[in-house]
Amino acid sequence: MKNLLISLLGSVVVFVAIVWASETKSAVEVVRIKEINHESILVENSSGIEKDIEIPKIITKLINRNEKYYISYSKKRWSGWKLKEIEPIKI
């Protein structure tokens with residue numbers, strides 16, 4: 001009985017870990033950067049929706065406020081949005 005309970009508990013822990021780690025949302029948008037902070041940027045998409053996206057610190061010196069960029073970002077369960085890719089839009 002004890003072995004069955006331990007096996008069941010172990011299976012539940014593994015299942016919860018897989019579900020928790022696998023929930024990922026991704027998005028790609030053209031945005032205008034409204035604010036640049038040390039570890040994040042506030043962006044506004046073409047619909048006027050604002051999002052705070054976590055970025056590497058080195059990126060802050062390479063981007064400019066009020067300019068448009070093509071960005072790709074993702075979010076895992078219980079964490080914030082994280083930048084995956086950023087490219088300036090050339091007019």
Side-chain angles (χ1 to χ4, degrees):
M1 184 67 165
K2 187 176 180 179
N3 288 340
L4 179 63
L5 183 61
I6 291 172
S7 296
L8 183 61
L9 182 61
S11 297
V12 169
V13 168
V14 169
F15 177 74
V16 169
I18 290 171
V19 170
W20 179 74
S22 67
E23 179 66 26
T24 302
K25 297 178 184 179
S26 294
V28 176
E29 291 184 306
V30 173
V31 299
R32 182 176 63 86
I33 296 181
K34 293 187 78 175
E35 291 180 24
I36 302 172
N37 301 312
H38 293 291
E39 295 180 359
S40 68
I41 53 175
L42 180 65
V43 299
E44 180 180 41
N45 67 10
S46 58
S47 300
I49 298 172
E50 295 181 355
K51 283 190 179 146
D52 193 42
I53 300 174
E54 187 179 321
I55 60 171
K57 288 181 184 180
I58 195 163
I59 299 286
T60 59
K61 304 231 187 254
L62 303 173
I63 56 177
N64 299 313
R65 234 176 87 215
N66 292 323
E67 289 192 15
K68 290 190 176 186
Y69 292 87
Y70 167 85
I71 64 169
S72 171
Y73 54 97
S74 64
K75 178 182 179 184
K76 290 190 177 182
R77 185 185 304 267
W78 299 300
S79 70
W81 294 102
K82 292 186 180 183
L83 184 71
K84 291 177 13 181
E85 181 181 344
I86 186 166
E87 233 179 271
I89 296 179
K90 298 178 178 142
I91 299 175

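Because only heavy atoms are used, hydrogens play no part in the values below, and waters and symmetry mates are left out as well, while side chains stay in. Keep in mind the model is a prediction, meaning the values are calculated, not measured.
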Open item on the list: Taking Glu39 first and then Lys57, would you say they form a salt bridge - that is, a charged N and a carboxylate O separated by under 4.0 Å?
Closed with: yes
Task: Among Asn45, Leu42, Ile41, side chain to side chain contact (heavy atoms under 4.5 Å, CB included) partner for Val31 - done: Asn45
Open item on the list: Are more than 12 heavy atoms, taken from residues, nucleotides or ligands other than Ile58, located less than 6.0 Å from that residue's CD1 atom?
Closed with: no
Task: Atom of Lys82, atom of Ile53 and distance for their closest heavy-atom approach - done: C-CG2, 3.9 Å
Open item on the list: Is the shortest side-chain heavy-atom distance between Asn66 and Arg32 below 4.5 Å?
Closed with: yes
TODO: Using a 4.5 Å cut-off on heavy atoms from C-beta on, say whether the side chain of Thr60 contacts that of Ile55.
DONE: yes
Open item on the list: How close do Lys25 and Trp81 get, counting heavy atoms only, and between which atoms?
Closed with: O-CZ3, 3.9 Å
Open item on the list: Ignoring hydrogens, what is the shortest heavy-atom contact between Lys34 and Glu44? Give both atom names and the distance.
Closed with: CD-CB, 3.7 Å
- [ ] Could you please spell out the steps behind the side-chain hydrogen bond (donor to acceptor under 3.5 Å, both in side chains) verdict for Glu29 and Tyr73?
- [x] CA-CA 9 Å; Glu29 291 184 306; Tyr73 54 97; 2.5 Å; yes
- [ ] Identify the two heavy atoms, one from Asp52 and one from Ser40, that lie closest to each other, and give their separation to 0.1 Å.
- [x] OD1-OG, 3.4 Å
Open item on the list: Looking at Lys68, I'd like to know if its NZ atom is crowded, meaning that more than 12 non-hydrogen atoms belonging to other residues, nucleotides or ligands lie closer than 6.0 Å.
Closed with: no
TODO: Search all heavy atoms of Lys84 against all heavy atoms of Ser26 and return the closest pair with its distance.
DONE: NZ-OG, 3.7 Å
Open item on the list: With rounding to the nearest 0.5 angstrom, report the OG to CG distance, Ser74 to Leu83.
Closed with: 9.0 Å
Open item on the list: If I compare all heavy atoms of Lys76 with all of Thr24, which pair ends up nearest, and what's the gap?
Closed with: CG-OG1, 3.8 Å
Open item on the list: Side-chain heavy atoms nearer than 4.5 Å, only ILVMFWY residues, links allowed to pass through others: does that put Ile59 and Tyr69 together?
Closed with: yes
